[in-house]
Amino acid sequence: MTQVRDFQVAARPLGATGLSVSAVGLGAGRIGGDEVDDRDVDRLLGAALEVGVTLVDTARSYGLSEERLGRALAGRRDRVVLSTKVGYGVPGVPDWTARCVELGVDAALGRLGTDRLDLVHLHSCGLDVLERGDVVDALGRAVAAGKVRVAAYSGEGDALAWAVRSGAFGSVQCSVSVVDQAVLDGSVAEAARRGVGVLAKRALGNAPWRFGERPAEPDVAEAWDRFRALALDPGALDWTELFARFAAFAPGVSAVLVGTRSIANLEAAVRAAGRGPLDADRVAALRAGFARVGADWGGRI
Ligand SMILES: NC(=O)c1ccc[n+]([C@@H]2O[C@H](COP(=O)([O-])OP(=O)(O)OC[C@H]3O[C@@H](n4cnc5c(N)ncnc54)[C@H](OP(=O)(O)O)[C@@H]3O)[C@@H](O)[C@H]2O)c1
């Protein structure tokens, strides 16, 4: 039986979708590999629920993440807002076609062991695919068929801006963190004006403070470069708190996704978000620092 801990994350509306999501969501990109097994995922999900983390975000491309979550969700599906991503990876079907989205939704339903997906994102397709219309329409048909509650888009730049303005998506997912601020005054602000939900991916900026030397993974390496260039001073806060509170309370952000396979790290983010927004002076300094040093830094896909 799931217990309830003495600290809990708040729930928030996901734009105008009618869904309510925990302000901190579990990014399930870290539970698809050999380092974890079903028992770990079951424990992680249980611990997430204990502190009110009910939003879980996975994707076809996260290894065994969907399958493992599907097994861990048995008996607890109704307590979770389940998000995944499609558009590629259906054997024998070309990526980024309507058929690939149709079959991708059905396959995700099967792997996740459920009869409906709360959020399904088109996972980082370009503006050309969005403008073509067939892929967007295929996701809309999955919503009309009751397989998907909310059609969503995940990406950056021009494609994200198009998705926010299109009216075809109830929610979007994009990088928002201390090292990923490019979207804040543009697509995130526009999403807020339009009632489009925003899930902040890489909300801890891939936690670059962990590395003494430039890490090998390209996306984390870029985050590390940015982190060093910004020469941040966390003051009395620890890094998790600085990053989690910045992203969780950035205007327009509905929820932050924290990618982790560690219960302690998920709980640290929940505790941090529970301390509320950073002081306005601190936020202004972080925004000014990014504007000064990172004016050319686009959103990290
Ligand atoms: N749509 C997309 O294209 C896309 C792209 C990237 C991410 N995302 C979504 O966003 C989620 C998060 O992104 P992300 O995992 O790339 O980046 P992130 O959440 O910024 O950082 C995750 C990394 O930080 C570590 N970490 C987590 N909490 C920590 C803490 N409190 N202290 C120290 N280290 C901590 C994790 O390792 P441990 O496992 O050891 O905690 C992991 O290596 C993903 O799981 C996914 O749901 C989506």
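Note that the coordinates shown come from a computational prediction; the quantities given were computed from them, not determined experimentally. Numbering of ligands and ligand atoms starts at 1, following listing order.
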**Asked** If two hydrophobic side chains count as joined below 4.5 Å and joins carry through other members, does F243 share a cluster with L184?
**Response**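 Shared cluster, yes.
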**Prompt:** With hydrophobic residues grouped by side-chain heavy-atom distances under 4.5 Å, do L49 and L69 end up in a single group?
**Reply:**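 Looking at the clustering, L69 is in the same group as L49.
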**Request:** Kindly confirm or rule out a cation-pi arrangement of R275 over F249, judged by NZ or CZ under 6.0 Å from the six-membered ring centre and within 45° of its axis?
**Result:**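 Because its charged atom misses either the 6.0 Å distance or the 45° angle limit, R275 does not stack over F249.
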**Asked** Does E267 have any salt bridge (charged side-chain N to carboxylate O under 4.0 Å, His left out) partners at least two apart in sequence or in another chain, and if so, which?
**Response**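 Salt bridge (charged side-chain N to carboxylate O under 4.0 Å, His left out) check on E267 returns R5.
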**Item:** D115 with R77: basic N within carboxylate O range, under 4.0 Å
**Value:**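 Looking at D115 and R77, the cut-off is not met.
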**Message:** With a 4.0 Å heavy-atom cut-off, what residues sit around ligand 1?
**Reply:**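 Ligand 1 pocket, heavy atoms under 4.0 Å: G27, A28, G29, R30, D57, Y62, K85, H123, S124, S154, Q173, K201, R202, A203, L204, G205, N206, A207, W209, R210, T240, L257, V258, G259, T260, R261, S262, N265.
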**Message:** What's the separation between atom CD1 in I31 and atom CG in L26, rounded to the nearest 0.5 Å?
**Reply:**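 Nearest 0.5 Å value for the CD1-CG distance: 6.5 Å.
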